[in-house]
Amino acid sequence: MFPYPSGAGLHVGHPLGYIASDIYARYKRLTGFNVLHPMGFDAFGLPAEQYALDTGIAPGVSTEKNAKRYREQLDKLGFSFDWSREVKTCDPKYYKWTQWIFTELFEHYYDQTVDKALSIAHLVSQFEDDGNAKVKAANTCETTFTAAEWKAMSHKEQQDILMNYRLAYRSVGYVNWCEELATVLANDQVKEGISERGGHPVIQKAMWQWNLRITAYADRLLYDLESVDWSSALKAQQSNWIGRSTGAQLFFDIEGSNEKIEIYTTRPDTIFGATYMVLAPEHPLVAQLTTDAQKQDIEDYIAYVGARSEIDRMADKQVTGAFTGAYAINPFTNKKIPVWIAEYVLIGYGTGAIMAVPSDDERDKRFAEKFGLEIIDVVDKSAFPDATLSDKIGKLINSGFLNGMDVLDAIAATNEKIEEMQIGKAKVNYRMRDAGFSRQRYWGEPFPMTYDKDGNAQIIPLEQLPLELPETDDYKPSRDGRSPLSRIDSWINLPDGGTRETDTMPAVAGSSWYYLRYMDANNDDAFVGKKAVNYWQDVDLYIGGTEHAVAHLLYARFWHKFLYDNGLVPTKEPFKKLINQGMIQGVIEFAYYQKATGKYISAELAAQYEDLTPLPVHINFVTDYGSDNSYLSADGITQYKNWRPEYKNSEFVLADDSDRFFTKSEVGKMSKSKFNVINPDEVVAEYGADIFRMYEMFLGPIEAHKPWDTKGISGVSKFMRRFWDLFHTNDTFTVSDDAPSKEELKVLHATIKRVTDDIQRFSFNTCVSAFMECSNELRKLKCNKRAILEPLTILLAPFAPYTSEDLWHQLGNTASVHETSYPIFEEKYVKEDTIEYPISINGKKRATASFASDASKEEIEKAALANEAVQKWTEGKTIRKVIVVPKRMINIVVG
RNA sequence: GCGGGUAUGAUGGAAUUGGUAGACAUGCUAGACUUAGGAUCUAGUGCCGCAAGGCGUGGGGGUUCGACUCCCUUUACCCGCACCA
């Protein structure tokens with residue numbers, strides 16, 4: 001995944017995935033593949049704009065500068081990137097096509113009969129022929145009309161209808177509005193009512209905004225997960241996010257009203273136990289249903305809920321609610337049931353209303369108990385004592401025609417009845433919502449949309465794209481929710497009296513298709529040429545962090561599927577194999593600080609003091625950094641005092657007999673704010689890119705989180721020098737052309753096999769181990785034979801591109817080691833004449849013995865039993881069984 | 001609460017289909033060489049024990065000739081989602 005070029009530059013964690021993909025790319029090239037290994041920058045987004053607000057430096061300027069710095073850092077690491085295909089999402093030549101894809105989304109709807117996107121023109125022709133009653137399409141249209149009615153509508157009315165079908169559509173909706181950042185945030189940018197970035201409170205606000213109808217693709221996004229090679233954790237995250245559930249949609253009549261309450265339930269079978277209903281406090285019917293007598297109660301309750309922030313709701317899940325005074329009719333019992341409102345029903349999920357079944361739902365039960373509402377037991381679970389309330393097992397009771405049925409059968413039976421009674425139908429529901437796509441921000445792609453005098457949205461055609469972001473020095477978002485672009489009159493107002501959209505797209509827009517652009521990065525006539533996309537197809541190996549598990553990967557899959565529907569890409573899924581690189585953690589060094597006295601307390605004395613706060617200390621001040629006994633020396637303390645003016649006169653409390661101020665070490669995120677960032681540039685300056693690359697791989701499995709420990713790099717450094725020394729004596733190149741020994745050939749071929757197998761299963765840490773073992777063994781054999789060292793140099797080339805190239809040329813080759821061909825493993829060299837067998841007695845290893853590799857089972861068994869060490873253990877005991885696994889082991893069972 | 005994952009020496013980790021647990025590396029201990037070094041080389045290093053031997057992959061149980069690996073159960077930690085109807 002391409003990086004966001006932040007001002008902090010790369011730290012040692014960033015290159016991990018790029019090193020892995022570079023090794024894999026170089027390996028594949030050596031085996032004859034044409035490999036596309038590209039790089040680019042995810043360059044639009046909030047941080048650059050925040051930086052502009054803080055410093056006055058234009059986002060374009062700082063982004064350009066950061067990208068340049070990233071490029072410099074990456075260039076030092078020996079990556080085989082094809083920079084001629086570089087993609088920057090903020091480049092108009094690139095976002096021209098981001099805008100174009102958006103216009104295509106606007107011009108399409110999702111047809112559920114053919115299960116793909118079709119053009120709006122096709123939809124219009126259906127409306128003209130037959131109205132919309134028979135159209136099966138993903139939509140938010142609330143009216144039904146005939147062909148005649150459609151034709152009678154004004155242009156504006158027709159456009160408003162169509163907006164409810166488009167895959168990119170504009171609507172008023174509740175959005176996550178962050179006052180502090182002055183923008184709308186996506187659900188995944190809000191954590192527990194707080195903005196992920198900056199940690200500011202987020203409220204729900206109604207606003208006009210563009211949305212993408214990703215829900216139309218929910219089922220395909222869910223089921224096609226089966227076809228990709230991703231981790232189960234990642235698949236589970238996406239599938240949870242989509243949150244498909246099956247149930248029933250039902251309409252309840254309201255006594256004395258023509259309105260109906262629409263609900264969604266996954267347990268239609270429990271309907272005989274539905275003794276009351278609950279609406280979300282924000283539900284549109286609340287005002288209308290509330291009786292005069294209850295008006296005050298309801299208003300008070302709504303005020304109470306409004307005053308409660310999302311955090312309050314999370315923190316204390318009190319049972320609260322208010323009665324509207326209205327009654328609905330349970331269609332199965334025909335009983336009057338009261339309609340309440342309560343904050344535990346959410347306006348954003350399902351229909352914002354529920355039928356409450358207190359006997360079989362934990363929350364409904366608590367609510368009913370608190371407010372004294374009727375509870376009718378409808379599922380007999382006495383046969384399942386361990387079952388929870390929500391488990392779908394048991395037999396129906398007190399439920400009319402459902403009595404005696406198992407829950408699952410009862411669900412099916414109820415669904416049938418509901419459809420027969422025409423009060424609802426079986427329905428699939430999703431947790432995933434359509435994605436708000438508007439940002440009231442400067443630094444993003446302008447929407448390629450204009451509005452005519454009547455407010456109808458229309459696209460800017462491809463010939464007029466890109467619609468370039470206008471320059472300004474006024475990036476500040478306004479608190480009224482309007483984008484900085486709205487302050488540029490020449491931008492908003494069009495000669496024909498229309499206006500431009502002033503919002504911009506979110507950062508996720510540009511990253512949703514960049515991988516396709518790499519295939520044909522400089523094409524000005526298409527987002528990607530047909531020939532190029534048919535050649536490269538999709539991404540074979542995609543490496544990136546888990547932070548993109550939902551947002552980026554779901555959007556990219558959605559866009560890809562849309563493009564697939566339009567015949568523009570040949571594959572259903574964009575990323576065949578995906579690896580989530582683990583985080584490289586850092587050690588954080590803390591100094592204990594006592595706020596009350598302003599004293600710093602050495603770690604070994606910490607137990608004697610109270611109310612200590614650990615403050616992160618810059619790791620440059622620390623001696624024996626990362627060890628258990630890391631400390632500040634007198635020098636370190638001075639550095640700390642000089643760090644910030646307010647630290648100048650700090651008092652440090654040390655143990656009586658010590659001149660060391662001990663710090664507390666903890667493994668955690670490598671971050672600027674923890675002052676523990678290790679810069680790859682420094683490591684590369686000291687050890688070189690090859691050692692840096694190999695050490696990052698050697699740290700552990702690519703997917704695991706693991707702490708960075710600069711000291712450990714000496715192992716890889718030693719290996720490199722020893723490997724070099726195989727070719728040299730006192731730094732003079734001394735490689736012999738003598739024929740290699742059998743043993744030497746065995747080491748070579750065993751290494752070829754191990755390294756190759758391990759690359760293929762992305763186990764790069766064990767590849768490095770294999771190189772080390774190989775080098776250790778050749779050193780013992782004093783091997784300096786060309787026939788061994790030359791193939792090894794090629795084998796090492798993907799990992800250590802510089803050193804291997806150097807050695808390759810010293811070996812007398814003129815072309816590049818990276819353009820030669822990969823050594824071929826030959827079984828015959830690793831075949832053993834004799835094999836050493838472990839001999840176990842009752843599963844415990846007691847002896848070893850060598851046997852010819854072609855010895856028969858019988859021979860081995862006989863010889864093993866005769867073995868002196870074995871006899872010691874079998875003496876006086878009965879041999880019950882002897883297991884001989886050829887080439888593996890021998891187990892003798894005695895008793 | 002739901003979903004996913006992890007647990008192996010002092011540390012990072014290895015053991016691809018059940019077959020010698022701890023490869024490789026760091027650290028540590030001892031020694032060698034020295035124009036004292038964050039250099040290089042050699043040996044040792046899972047735990048208990050003088051030894052023989054015993055114990056050992058978070059805990060308990062099971063399957064198997066044999067379990068880090070498979071099954072059941074349980075604990076701890078990490079990640080994602082969450083009054084989701």
Side-chain angles (χ1 to χ4, degrees), chain A residues 187-188 191-192 231-241 243 245 247-248 263-267 270 278 280 313-314 317-320 342-346 348-357 360-364 366-367 388 390 429-431 546-547 549-550 580 583 626-628 667 695 698-701 703-719 721-722 754 757-758 760-761 763 765-776 836-848 880-885 887-895:
Chain A
N187 282 335
D188 47 276
K191 304 279 182 227
E192 298 187 356
S231 72
S232 53
L234 191 46
K235 287 186 186 186
Q237 259 186 69
Q238 290 223 338
S239 131
N240 281 346
W241 186 263
S245 70
I263 61 113
Y264 171 77
T265 176
T266 56
R267 293 298 301 276
T270 62
V278 187
R313 278 203 195 191
M314 295 283 178
K317 294 179 181 177
Q318 286 181 33
V319 180
T320 61
E343 62 177 336
Y344 82 88
V345 173
L346 309 174
Y349 185 78
T351 60
I354 62 161
M355 67 173 202
V357 183
D360 278 272
D361 182 281
E362 206 57 66
R363 293 149 307 163
D364 295 348
R366 269 185 277 134
F367 194 84
T388 65
S390 56
N429 198 39
Y430 301 93
R431 200 188 70 93
T546 32
E547 66 273 22
V550 177
N580 280 127
M583 199 169 41
S627 82
D628 289 343
V667 171
Y695 184 53
F698 187 60
L699 279 175
E703 301 192 77
H705 298 310
K706 56 242 158 191
W708 175 268
D709 174 14
T710 301
K711 273 188 304 227
I713 204 169
S714 65
V716 176
S717 167
K718 267 183 216 166
F719 155 74
R721 198 172 42 247
R722 288 171 180 177
R754 279 181 65 183
D757 286 356
D758 287 356
Q760 282 166 358
R761 62 188 181 103
S763 174
N765 55 330
T766 52
C767 288
V768 178
S769 296
F771 280 121
M772 288 174 171
E773 278 177 72
C774 168
S775 156
N776 290 345
E836 183 153 323
Y837 282 79
I839 305 177
S840 301
I841 316 290
N842 288 349
K844 279 265 168 217
K845 187 193 139 198
R846 299 297 181 187
T848 54
R880 303 208 181 271
K881 201 170 178 184
V882 180
I883 292 122
V884 176
V885 184
K887 295 179 180 162
R888 283 284 187 193
M889 47 69 67
I890 301 156
N891 191 18
I892 300 167
V893 187
V894 300

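Chain naming here is simple, since letters A, B, ... match the order of the sequence lines and numbering starts at 1 in each. Reckoned from all heavy atoms, side chains included, excluding hydrogens, waters and symmetry mates.
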Whole angstrom value for the distance that separates [atom2] of [N] from [atom1] of [X]:
X      : N     : atom1 : atom2 : answer
A/N580 : B/C78 : CG    : C1'   : 15 Å
A/K235 : B/G5  : NZ    : C1'   : 16 Å
A/F698 : B/U11 : CZ    : P     : 16 Å
A/R431 : B/C83 : CZ    : C1'   : 13 Å
A/N765 : B/A25 : CG    : P     : 14 Å
A/Y349 : B/C83 : OH    : C1'   : 12 Å
A/K844 : B/G54 : NZ    : P     : 8 Å
A/K706 : B/G5  : NZ    : C1'   : 15 Å

Rounding to the closest angstrom, what is the interatomic distance between [N] and [M] at atom [atom1]?
N     : M     : atom1 : value
B/A52 : B/G58 : C1'   : 31 Å
B/U73 : B/A23 : P     : 35 Å
B/G22 : B/A85 : P     : 50 Å
B/U42 : B/A51 : C1'   : 27 Å
B/G12 : B/U64 : P     : 36 Å
B/U17 : B/U63 : P     : 24 Å
B/G61 : B/G49 : P     : 26 Å
B/C70 : B/G5  : P     : 12 Å

Name the nucleic acid region contacted by [X], choosing base, sugar-phosphate or nothing; use a 4.0 angstrom heavy-atom cut-off, strictly under.
X      : result
A/I883 : base
A/N842 : nothing
A/V893 : sugar-phosphate
A/S714 : sugar-phosphate
A/M889 : base
A/D361 : nothing

Comparing A/P838 and A/S245 on RNA chain B - which has the more 5′ nearest nucleotide: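 Result: A/P838.
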Pairwise 5' ranking along RNA chain B for A/K845 and A/R722, keeping only the more 5' one: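 Between the two, 5'-proximity favours A/K845.
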Nucleotide of [options] approaching [X] most closely (side-chain heavy atoms):
X      : options             : value
A/P701 : B/C84, B/U16, B/G13 : B/G13
A/Y344 : B/C83, B/A25, B/G19 : B/C83
A/I354 : B/A85, B/C24, B/U16 : B/A85
A/R761 : B/A23, B/U16, B/U26 : B/U16
A/N240 : B/G80, B/C81, B/G4  : B/G80
A/E343 : B/A23, B/U40, B/C83 : B/C83
A/R721 : B/A85, B/A39, B/A14 : B/A39
A/D709 : B/C24, B/U26, B/G5  : B/U26

With a 4.5 Å limit on heavy-atom distance, are the side chains of [X] and [Y] in contact?
X      : Y      : result
A/V768 : A/N765 : no
A/T320 : A/Q318 : yes
A/I883 : A/I890 : no
A/Y695 : A/D709 : yes

Atom [atom1] in [X], atom [atom2] in [Y]: separation rounded to 0.5 Å?
X      : Y      : atom1 : atom2 : result
A/N891 : A/S840 : CG    : OG    : 5.0 Å
A/N776 : A/R722 : CG    : CZ    : 6.0 Å
A/I354 : A/F367 : CD1   : CZ    : 8.5 Å

Glycosidic class, syn or anti, of B/G9 using a 90° window around 0: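 Base orientation: syn.
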Looking at [N], I'd like to know if its phosphate oxygens (OP1 or OP2) sit under 4.0 Å from a side-chain N or O belonging to [X].
X      : N     : answer
A/K881 : B/C65 : yes
A/R754 : B/C24 : no
A/N776 : B/A25 : yes

With a 3.5 angstrom cut-off on both distances, give the Watson-Crick or G-U wobble partner of [N], or none if there isn't one.
N     : result
B/A82 : none
B/A39 : none
B/A51 : none
B/G27 : B/U45

Distance-only donor-acceptor test, A/R888 side-chain atoms vs B/U17 base atoms, 3.5 Å: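 Side chain to base: pair present.
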Distance-only donor-acceptor test, A/N891 side-chain atoms vs B/C65 base atoms, 3.5 Å: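 Under the 3.5 Å cut-off, the side chain and the base do form a donor-acceptor pair.
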Carboxylate-amine/guanidinium contact A/D757 A/R754, below 4.0 Å: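 Not counted as a salt bridge, because no side-chain N and carboxylate O are separated by less than 4.0 Å.
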Audit row: A/Y430, A/Y349, side-chain contact (heavy atoms from CB on, under 4.5 Å) steps and yes/no: CA-CA 9 Å; A/Y430 301 93; A/Y349 185 78; over 6 Å; no
